[in-house]
Amino acid sequence: KKSDTLLDENYSSLKWTGANELQPGDFLTVPKRTELQTSDLSPEQLWSLGFWLAEGHYIPATKAGSGGLGATNQNCEMLDKFGMTMCSWFPQDYVMLGSRERRPVFRDSFYSRTHKIRGKHYIHDLRFKSRIAAEYFYQRFGNRCHNKQLDLETYWKSNLIDTVAGFIDGDGSQRWNADRDVNIYSTSLVLIQQLRQIMIDSGIWCTTIKGGPPPEKRHQSYQLNVRSRYINKINSIKLEDYTCRTRNVAIEEGDYFLTPIKSVNRKPYSGLVHNFSVEEDESYIAGGVAVHNCKDDAVMAWLCALEGYAR
C-alpha cells in the first residue's frame, strides 16, 4: 500500500489473523524492546565497539610482546578515534617479564598506526596492544567475522544506537542513488539481527536482505538497508544527512512498527507440531515479530507451514 493509505489506517481496529487466513496487505507487528536498563558504556565506547565489530581483528600474542586489538580502514580520523577510546577504556596493560618469576608489569596503554597500499588506495592499520582488551573482547564479542555478536549483558540494554553508528562508519555505505539509503553488511546473522533490533528500539526501521550464494569456503553474507529518512537518528561520521520523499514500508506506532505483508507462500507440511503456550494473552515474540498462540490444531499446522512467518 502507498504511504498515504497506510497513514490513514485506523490501527486501533487491528485484530489477530489466523495463519491460514493471511493475505498480502495484512500487517506484521515488530515490537521495540522496552523497560531496559541504560547501558553502562559511554557513547564513545559503544561507537568503538561497533567500529571494531565491523573492521576489527585480534593481534596474537608473541614472545616479543602481548596481543591486542587491531582495526583496518581508509579513514585515519576514525582509526584515531577508536585508538584513543581504547586507551581511555583500558588505560593500563600488563606484560610478563622473562624472568624466573614471570611477574606481570603494568604499563600505560598506547596504539600505533601504519599504512600500506592496496590498489590505488592507502589502507591504514591500527594496533592497540593490550592483553586485557583482547581478553575482554574475545570473551564477549566473538573471534571471527561470521560469529561476532554482542554478548547478552551488553545487548539487553538501552541506548545502544552509537554501536550502530560505529559499525556504519566501519563497514557501512551510503548509496549514491535518489534515495541515498544506507547498507550495512556482515557475515554474522546474529549480529545483523541484533543491530536491526537496536535500530528498531530507537525508532529506525530497517530490512534484512540475504546475499546471494557465497563462493566456495566463504560464509553467507547479510545486509541491512536503512532509509535516508532515519539518518538523522544515527550519529555517524560517514553519513550525509539527506531526506527525500519515499514510500513508507513501515509505520511507527508507539512501541512497535507495522509493516504490510507483500506475499504469502504456503507449503504442505506433515509432522509433529509443538504448541508453545503463554499465560494470559497467549502472545509472544518469534524472530522479532509478534505472534499469537492458537490451540486450533489446523491453524497451528498452517503456522508451521508458512515459510518465514515466524522469522
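For the single chain, residues carry numbers from 1 onward in sequence order.
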**Asked** From L41 CG over to K157 NZ, what is the distance, rounded to the nearest 0.5 angstrom?
**Response** 7.5 Å
**Message:** Can you confirm whether R127 is buried at CZ, in the sense that more than 12 heavy atoms of other residues, nucleotides or ligands lie under 6.0 Å from that atom?
**Reply:** no
**Asked** Side-chain heavy atoms under 4.5 angstrom apart, residues restricted to Ile, Leu, Val, Met, Phe, Trp, Tyr: same cluster for F141 and I184?
**Response** yes
**Asked** With a 4.5 Å limit on heavy-atom distance, are the side chains of Q197 and Y155 in contact?
**Response** yes
**Request:** Just say parallel, tilted or perpendicular for the rings of Y58 and Y138, cut-offs at 30° and 60°.
**Result:** perpendicular
**Asked** Which value, rounded to the nearest 0.5 Å, describes the distance between F51 atom CZ and M78 atom CE?
**Response** 7.0 Å
**Request:** Would you please test Q193 and Y222 for side chain to side chain contact (heavy atoms under 4.5 Å, CB included) and show each step?
**Result:** CA-CA 10 Å; Q193 293 172 336; Y222 302 91; over 6 Å; no
**Asked** Taking the six-membered ring of W205 as reference, does the NZ or CZ atom of R227 fall below 6.0 Å from its centre and within a 45° cone about the axis?
**Response** no
**Request:** Using a 4.5 Å cut-off on heavy atoms from C-beta on, say whether the side chain of I198 contacts that of L150.
**Result:** yes
**Message:** Can you give me the closest heavy-atom contact between T154 and R140, atom names plus distance?
**Reply:** OG1-NH1, 3.9 Å
**Prompt:** So, for I192 and L224, which heavy atoms are closest and what is the spacing to 0.1 Å?
**Reply:** O-CD1, 3.6 Å
**Item:** Smallest separation among heavy atoms of Y256 and P31, with atom names
**Value:** CB-CA, 3.7 Å
**Message:** Side chains of S173 and N183 only: does a donor on one sit below 3.5 Å from an acceptor on the other?
**Reply:** no
**Message:** For a quick test of reading the model, state the closest non-hydrogen atom pair linking A165 to N235 and the distance between them.
**Reply:** CB-O, 3.3 Å
**Request:** Please report the closest heavy-atom contact between K32 and F257, naming both atoms and the distance.
**Result:** CE-CE1, 4.1 Å
**Prompt:** Would N159 and S39 satisfy side-chain hydrogen bond (donor to acceptor under 3.5 Å, both in side chains), going step by step from the backbone distance to the final call?
**Reply:** CA-CA 6 Å; N159 298 335; S39 175; over 6 Å; no
**Prompt:** Are any non-hydrogen side-chain atoms of Q220 and L189 less than 4.5 angstrom apart?
**Reply:** no
**Message:** If I take atom CG from residue D162 and atom OG from residue S202, how far apart are they, to the nearest 0.5 angstrom?
**Reply:** 9.0 Å
**Request:** Determine whether I132 and F82 fall in the same hydrophobic cluster, where Ile, Leu, Val, Met, Phe, Trp and Tyr are linked whenever their side-chain heavy atoms lie under 4.5 Å apart.
**Result:** yes
**Item:** Heavy-atom side-chain proximity of L69 to F137 below 4.5 angstrom
**Value:** yes
**Asked** Where the side chain of K148 meets the backbone of W52, is there a donor-acceptor pair that is under 3.5 Å apart?
**Response** yes
**Asked** Can you check whether I204's main-chain N or O pairs, donor with acceptor, with K233's side chain at less than 3.5 Å?
**Response** no
**Message:** Rounded to the nearest 0.5 Å, what separates atom NE2 in H124 from atom CG in L79?
**Reply:** 7.5 Å
**Request:** Could you please spell out the steps behind the side chain to side chain contact (heavy atoms under 4.5 Å, CB included) verdict for D169 and W47?
**Result:** CA-CA 9 Å; D169 287 338; W47 182 93; 2.8 Å; yes
**Request:** Measure the shortest side-chain to side-chain distance between Q74 and I123 over non-hydrogen atoms and say whether it is less than 4.5 angstrom.
**Result:** yes
**Asked** Parallel under 30°, tilted from 30 to 60°, perpendicular over 60°: which one fits the rings of F128 and F90?
**Response** tilted
**Item:** Single-linkage hydrophobic cluster, 4.5 Å side-chain cutoff, V226 and I209 together
**Value:** no
**Item:** Inter-residue atom distance S263.OG - Q23.CD, 0.5 Å rounding
**Value:** 11.5 Å
**Request:** For residues L53 and Q149, determine if any side-chain heavy atom of one lies less than 4.5 Å from a side-chain heavy atom of the other.
**Result:** no
**Atom pair CZ (F167) and CD (Q194), whose distance is rounded to the nearest 0.5 Å** = 11.0 Å
**Item:** Side chains of M199 and I161 in contact at under 4.5 Å (non-hydrogen atoms)
**Value:** yes
**Asked** Distance-only, no hydrogens or angles: does the R180 side chain make a donor-acceptor pair with backbone N or O of Q174 under 3.5 Å?
**Response** no
**Asked** Considering all heavy atoms of both residues, which atom of E44 and which atom of T85 are nearest to each other, and what is their separation?
**Response** O-CG2, 3.5 Å
**Request:** Determine whether H57 and T72 make a side-chain contact, defined as any pair of heavy atoms from C-beta on separated by less than 4.5 Å.
**Result:** yes
**Request:** Following the transitive rule for hydrophobic clusters with a side-chain heavy-atom cut-off under 4.5 Å over Ile, Leu, Val, Met, Phe, Trp and Tyr, establish whether L195 and V190 coincide in one cluster.
**Result:** no
